[in-house]
Amino acid sequence: MFKTNNVTSRIFERQIRTPAPGTSVHSARRFYENLVPSFTIYDVECPDHSFFKFTDDGQYFVCFSRNRQDLIVYRPTWLSFSCKGEDCDNNQELPPQVKRFESFFTQLYVKPLASCNELICKDFFLYMESNQFGIFATSTAQIQDARGTDGAILGVPSFEKITIHLFRLEDGFKLDEKVFHNDCVNLTHNMGAFLYDDLLAVVSLRYQTIHILQIRDSGNLVDVQAIGAYCREDDELFINSSSQLAGNRGDLVDNGTNHDQPNSNNSFLSGIKQRLLSFIFREIWSEETDQTQRVQCLKKKFYFHFQDYVDLVILKVQFLDRHHLLIKFGSVDVGASRNTDQLPAFFAVYNMETTEIVAFYQNAADELYLLFERFCDHFHATSINSMYMNFISSHSNNIHALEQLKSMKNKATSISQFVKKMLSSLPLNCQSMSPSPYFDQSLFRFDEKLISATNRPRQSTDHPIRFNSRRQGDILKFKIKTGPEFGSADGRSKKYSHFLFHPVWPLALSFIQPSLFLPPSAVNIHFRR
């Protein structure tokens, strides 16, 4: 129960009272009810950069040059200034110098990241907190009508070169890189890659391969496994040796006259697809005990949809733990469409050690939705070394988020469509949510239509965004407004806004954009004065 909003009293209470076991961090986070952004500097003088995000530990602020060639990293620093006189209180105006971006951030370095024919993927960045490593990506221009090559699927665009870069953020030293040639990886909002501890999964859409890389402490990217055409390390050797043996036997029969036969490799389904089909077959087989009913069931559920299953492609993947992957299958149209709620998709849980599919769901499965509702934190699969990402509010760890989800479910006109919409976010994008305590729904209540832990541009509003206390009678704790109280001359041009919250400090940046494709027209800094 909330007892006082006096910081001194709460510090004294912390000294004399020990929190319940396992709740010390939650108790400490309640101090943020007293430490809130209380002041805003509008229209800050900023360098012409593309501002991206804070690292999860708040040590670095990652930016890119506007031409998408250079990496620029800042260190957040707290505002400091001096005043002369006896009336130095919160009512005194701040000096003009505080309106500069450099008053809150210190530039550490500028490093070239992209080559002359490549551009930085400005929506992609993963942070390895334990080593303070940053993972970036660059790519050449997209080739829409790419020629079909051996092993590539049709309908997927190609990039001549995609490079994954590993940097040490402390000094900007490039440690290693991984290059994909004539391939396609969906790098928008980290969709095509997932980082779990020291393992990085990268999905090749064009060649339907999940590349598992390990990031060593020395800073090397090491290929661990490639899941797709083959599932085990010796699968390719076994198939090639079998094909060679079959070819030798054929030569003995026809004396080498039959040279028009296609390569036997092309007649095989990929390893991951064979695992998927065999799992579906066994699941349908075990539904019936009577042999006649079993055959009819297989005809109706398996053989009738066999080609549909064969045509499924890997769209997205995430780690559930170090040994299990959640893989999303669908059609090529699903990967290219923005609205995937109405399109059929399937989810499979794959064990990398046994190379087996252990579960398979459709995107309207109530069983999967219940698992997502009750155990949402397991789908986030945060690193065991992450201090801040483990406290993101979800409907499986926060009663207020759960009530909000149930309210949305009760208002839905169709439960099946609601389930599809909720499951369309799976697999979850890696590091896509801010761990800021001001998005902790056990502490603050706010309108998620206007602002949320997910960093996305939203329709701007003329009204301030209110953050109310959850535990103190829903009173206003602070508010964030993207423009001065009495409006501004360019108020009509403001259409979109997005926010970047520091994961630890009472500090946030708001960006006003005239459109989604133009740079910000104004940058505001919200902080505790």
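We use all heavy atoms of the structure for the numbers below, so side chains are in, but hydrogens, waters and symmetry mates are not.
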message: Does atom NZ (Lys122) have a neighbourhood of more than 12 heavy atoms from anything else shown, all under 6.0 Å?
response: no
- prompt: Taking atom CZ of Phe31 as the centre, does the number of heavy atoms from other residues, nucleotides or ligands within less than 6.0 Å exceed 12?
  reply: yes
Compare all side-chain heavy atoms of [X] with those of [Y] and state whether any distance is below 4.5 angstrom.
X: Tyr74; Y: Thr106; value: no
X: Pro427; Y: Val317; value: no
X: Ser65; Y: Ile72; value: yes
X: Asn131; Y: Ile215; value: no
X: Asp198; Y: Asp217; value: no
X: Phe52; Y: Leu500; value: no
X: Leu325; Y: Phe319; value: yes
X: Glu33; Y: Arg471; value: yes

Is the backbone N or O of [Y] less than 3.5 Å from a side-chain atom of [X], with the two atoms forming a donor-acceptor pair by type?
X: Ser158; Y: Ile143; answer: no
X: Arg168; Y: Leu175; answer: no
X: Asn429; Y: His189; answer: yes
X: Lys53; Y: Val62; answer: no
X: His211; Y: Asp223; answer: no
X: Thr55; Y: Tyr60; answer: yes
X: Asn186; Y: Met191; answer: no
X: Arg466; Y: Lys479; answer: no
X: Thr140; Y: Lys161; answer: yes
X: Thr209; Y: Tyr207; answer: yes

field: Chi angles and distances behind the ring-ring contact (aromatic ring centres under 6.0 Å, His included) call for Phe61, Phe104
entry: CA-CA 11 Å; Phe61 185 47; Phe104 294 85; over 10 Å; no
query: Is there a side-chain hydrogen bond (donor to acceptor under 3.5 Å, both in side chains) between Thr138 and Glu118 once you walk through the steps?
result: CA-CA 6 Å; Thr138 59; Glu118 287 184 295; 3.2 Å; yes
Output the distance between atom [atom1] ([X]) and atom [atom2] ([Y]), rounded to the nearest 0.5 Å.
X: Lys316; Y: Phe347; atom1: NZ; atom2: CZ; value: 9.0 Å
X: Ile465; Y: Ser460; atom1: CD1; atom2: OG; value: 8.0 Å
X: Gln318; Y: Lys328; atom1: CD; atom2: NZ; value: 11.5 Å
X: Phe418; Y: Leu423; atom1: CZ; atom2: CG; value: 9.5 Å
X: Phe444; Y: Asp474; atom1: CZ; atom2: CG; value: 12.0 Å
X: Leu187; Y: Ile164; atom1: CG; atom2: CD1; value: 5.5 Å

If every non-hydrogen atom of [X] is compared with every non-hydrogen atom of [Y], which pair is closest and at what distance?
X: Ser394; Y: Cys376; value: CB-SG, 3.9 Å
X: Arg66; Y: Asp48; value: NE-OD1, 3.2 Å
X: Ser204; Y: Asp183; value: OG-OD1, 2.6 Å
X: Asp56; Y: Pro435; value: O-CG, 4.0 Å
X: Asp43; Y: Asn524; value: N-OD1, 2.9 Å
X: Cys63; Y: His49; value: CB-CB, 4.2 Å

task: Name all residues meeting the salt bridge (Lys or Arg N to Asp or Glu O under 4.0 Å) criterion together with Arg216; count only those two or more places apart in sequence or in a different chain, and write none if there are none.
output: none
message: Distance alone, cut at 3.5 Å: any donor-acceptor contact between the side chains of His526 and Ser510?
response: yes
- prompt: Quick one: ring-ring contact (aromatic ring centres under 6.0 Å, His included) partners of Phe194, sequence neighbours excluded?
  reply: none
- prompt: Parallel, tilted or perpendicular: which describes the rings of Phe101 and Phe51, with under 30° parallel and over 60° perpendicular?
  reply: tilted
- request: Indicate the ring-plane relationship of Phe467 and Phe439, choosing parallel, tilted or perpendicular according to the 30° and 60° boundaries.
  value: tilted
message: Run the ring-ring contact (aromatic ring centres under 6.0 Å, His included) test on Phe501 and Phe54 for me, step by step, so that the C-alpha distance in whole Å, both residues' side-chain angles and the decisive distance to 0.1 Å come before the verdict.
response: CA-CA 8 Å; Phe501 276 71; Phe54 292 99; 9.3 Å; no
- prompt: Name the one of Val36, Ile41, Thr40 that satisfies side chain to side chain contact (heavy atoms under 4.5 Å, CB included) with Phe527?
  reply: Ile41
Basic-acidic side-chain contact under 4.0 Å: Asp440, Arg30: no
field: Derivation and outcome, side-chain contact (heavy atoms from CB on, under 4.5 Å), residues Lys477 and Tyr438
entry: CA-CA 10 Å; Lys477 298 302 295 183; Tyr438 301 107; over 6 Å; no
Working for side-chain contact (heavy atoms from CB on, under 4.5 Å), residues Val73 and Gln59: CA-CA 10 Å; Val73 175; Gln59 294 292 320; over 6 Å; no
task: Start with the C-alpha gap between Phe372 and Leu426, add the side-chain angles, then the distance that decides, and say whether side-chain contact (heavy atoms from CB on, under 4.5 Å) holds.
output: CA-CA 9 Å; Phe372 180 63; Leu426 293 179; 3.8 Å; yes
message: A cation-pi test, strictly: NZ or CZ of Arg206 under 6.0 Å from the centre of the six-membered ring of Phe180 and no more than 45 degrees from its axis. Yes or no?
response: no
task: Scan for ring-ring contact (aromatic ring centres under 6.0 Å, His included) pairs involving residues 108-129, sequence neighbours excluded, and state none if there are none.
output: Phe125-Phe136
side-chain contact (heavy atoms from CB on, under 4.5 Å) evaluation trace for Val203 with Leu205: CA-CA 6 Å; Val203 180; Leu205 294 176; 4.1 Å; yes
